Amino acid sequence: MRIPILMPQLGESIAEATLLRLDVAPGDSVRTDQEIMEVETQKATMSVTTPCSGRVEELTCEIGVSYPVGTVLGFLTVTEEEATRAGVTPPPAAVPDGEIEAAHPSHPAQSAGAASAPPQNGSYAAATSGEDDTDGLHFRIDSSIAMTPTVSGGVQPTLTGLPVPVNAGGAHYISPRLRARMAEMGLNAADLSAVAGSGSGGRVTVEDFEAFMAQIDKHRTTPASPMRIAVADSMRRSWTRPLATVGIRVNLDPMLAHRKQTPAELKAGPALYVLRALAIGLSENTAAAGRLVGNRIIHPPAIDLGFAVEVEAGVLVPVIRDADTRCLADMVTLYNDLVQRARARKLPPEARGPGIATITNFGTFGILWATPIPLPEQTLLMGLGAGEKSPVWDPVSHTFQPQTQADLTLSFDHRVLDGGGAGRLLTRVADLMCKPETL
């Protein structure tokens, strides 16, 4: 009996792996669970093992090439008894080798992946027709992939050795017809995130969409302002990145004491202290605010920092240019002026984005902790929570002393910055906040 060696599902978020090493050759005898090759994913190096004992008949993979999960990497010749014991069943109908070679490219990485990978969600309807003719191209469907109904009414691939879930709900696949209907109504994919599809593989059909819209019409609605729509679109684009948030407790007493000693016309708000401290921290390591483009980190040309100002129906973010070259006292008048202009929606052109990071003082709403989302064009967003008195142990007097503390958070693009780098930047800002005279 001839059974395939498949690239296994190496993790929930792993879609492919690169072959690093082959430990067997055609003709070698192997035992059950024997390590026969080593592959590398973005997270780790792992081994691929044999499903049962047998003899290596053929290897269809090459060292240094990446293969998707489910790709046929080779074939084993095993006895029926061994296959039955291991729970491996042959495909119901094999496609002749000549047809496979005619239907798929000759490169091992392409032919193996195309012949073995299951159809993507939404493609099962075409797969049942046997052949499809689109734009003059003929596609032969691999009959070794069978479709089995599930309890929920969807379909599930029964490709041997490929335990990949396919019944996830939501609009993960949108057909051209549905996209056209959504475009007519000015909607995007995020608007359908709550719609459970009834089509093949959980696909959202036009009928699902129309039923969803009809249900919405029964509820009370209010029109969204242009600013709210702009904020929604900005957050949708931001959320396409892996975002994370870390936090630290910061002592506000030095800052409060510094404000009391400062004349009223030069008295800075808490957010401006944070902005200036962050400017100094980023000037010492500009890569922390860089952007990942391809395989390069693009460093910012200047430390231009924004700060969030709540306005009617949304938020505006004025930007202070070259914040690392201005001392705290020099920015107070500019900061206060930009706050007033933002609330009147009359920001000057030089104060409009882009900046490299944003400061938000959510503590003004009594919020202690938050995980704000950076703007799409930025990597960082620093937030300051509400201050509160807390007992803190004093090692000198060996007593608890009252201290005004607040949570300082840093939300960041995890592709550019790791937890260690984010923690060091956050600690640096917290230290500078305790030395306001240096700002």
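Everything numeric in this text was worked out from a predicted model, so none of it was measured. Heads up: numbering here begins at 1 and tracks the sequence. The figures here come from the full heavy-atom set of this structure, side chains too, leaving out hydrogens, waters and symmetry mates.
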Please confirm whether the backbone N or O of [Y] pairs with a side-chain atom of [X], one donor and one acceptor, at under 3.5 Å?
X      : Y      : result
Thr71  : Tyr67  : no
Ser234 : Ala230 : no
Thr409 : Gly247 : no
Lys267 : Arg259 : yes
Ser53  : Thr32  : yes
His258 : Gln261 : no

Got a sec, which pairs hit salt bridge (Lys or Arg N to Asp or Glu O under 4.0 Å) with one end in [range], sequence neighbours left out?
range            : value
residues 309-328 : Asp304-Arg321
residues 393-411 : Arg249-Asp407
residues 340-349 : Asp337-Arg341

Looking at residues at least two apart in the chain, or sitting in another chain, which of them share a side-chain hydrogen bond (donor to acceptor under 3.5 Å, both in side chains) with [X]?
X      : result
Arg228 : none
Arg181 : Glu184, Glu210
Thr358 : Gln378
Thr371 : none

Name all residues meeting the ring-ring contact (aromatic ring centres under 6.0 Å, His included) criterion together with His299; count only those two or more places apart in sequence or in a different chain, and write none if there are none. none
ring-ring contact (aromatic ring centres under 6.0 Å, His included) with Tyr335: which residues, sequence neighbours excluded? Phe307
dist Leu278:CG -> Ile359:CD1 (nearest 0.5 Å) comes out at 4.5 Å
How long is the span from the OG1 atom in Thr50 to the CD atom in Glu35, to the nearest 0.5 Å? 10.0 Å
Got a sec, which residues hit side chain to side chain contact (heavy atoms under 4.5 Å, CB included) with Thr438, two or more places apart in sequence or on another chain? Leu432, Lys435
Against Gln405, only a single residue in Asp253, Val250, Leu252, Val392 fulfils side-chain contact (heavy atoms from CB on, under 4.5 Å); can you say which? Val392
Among Val39, Leu22, Val72, find the residue that satisfies the side-chain contact (heavy atoms from CB on, under 4.5 Å) test when tested with Cys61. Leu22
My understanding is that only residues two or more places apart in sequence, or in another chain, count here; which of them pass salt bridge (Lys or Arg N to Asp or Glu O under 4.0 Å) with Glu284? Arg428
Identify, with sequence neighbours excluded, every residue that meets salt bridge (Lys or Arg N to Asp or Glu O under 4.0 Å) alongside Arg415. Asp413
Is it true that Asp33 and Arg31 make a salt bridge, defined as a side-chain N closer than 4.0 Å to a carboxylate O? no
Would you say the side-chain atoms of Thr18 and Ser66 include a donor-acceptor pair closer than 3.5 Å? yes
Can you check side-chain hydrogen bond (donor to acceptor under 3.5 Å, both in side chains) on Thr399 and Gln401, steps first, answer last? CA-CA 6 Å; Thr399 59; Gln401 299 292 329; 2.7 Å; yes
